[in-house]
Amino acid sequence: MNEQASAAASTRRHGREPLLAPRSIAAIGASRNPAKPSGCPVAYLKRFGCTGRILPVPPARDEIQSLPSHPSLDAIEIDANPLLLPGAVTSVDALVVLHPARTDGAG
C-alpha cells in the first residue's frame, strides 16, 4: 500500500467514517415493535440502507425485526458501535449485565 492509500485508510478508521458509516451497530435495548422509541432506530437503519451490520441487544428476545439478537454485548464477536436506545438501561447494574467483561476495571 502506498503512502497516500495508507493515509486515506487511517483517516477512514480514525476520522468520521465510524460515525457516518459504521461497520456494525449494537442496538442496546432494541424493540420488536418499530413504532416504539426503542424500535424505531432499528427500523430506520434497515429502511434507509445502513451498510453495516445491525446487532440488536434486547432484553430476552431471540429476534428483533427479523434480525438475530444477542443476549449481551459480550455475546457479539465483532467490534460494534454501541447505540443505547430509550429505556434500554435504567441502572448501572443493568449496564454491568449487558457488558460484564468491560466493568472489571481492566479495560
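Keep in mind it's a predicted model, so treat the numbers as computed, not measured.
Scanning all heavy atoms of the two residues, the minimum distance from Ser38 to Gly29 falls at CB-O, 3.4 Å.
Under a 3.5 Å cut-off, the side chain of Ser24 and the backbone N or O of Asp79 do form a donor-acceptor pair. Without hydrogens or angle criteria, Ser69 side chain to Arg61 main chain gives a donor-acceptor distance under 3.5 Å.
At least one side-chain heavy atom of Pro41 sits less than 4.5 Å from a side-chain heavy atom of Leu83. You'll find the side chain of Arg53 reaches within 4.5 Å of the side chain of Ile78, heavy atoms only. By the 4.5 Å heavy-atom criterion applied to side chains, Leu67 and Lys46 are counted as neighbours. In this structure, Pro56 and Gln65 have side chains that are not in contact, with every pair of non-hydrogen atoms separated by 4.5 Å or more. Within the 4.5 Å cutoff, no side-chain heavy atoms of Leu55 are placed close to those of Leu73.
Under a hydrophobic clustering in which Ile, Leu, Val, Met, Phe, Trp and Tyr are joined whenever their side-chain heavy atoms come within less than 4.5 Å, directly or via other members, Ile64 and Ile54 fall into different clusters.
The CD1 atom of Ile28 sits 10.0 Å away from the OG atom of Ser72 when rounded to the nearest 0.5 Å.
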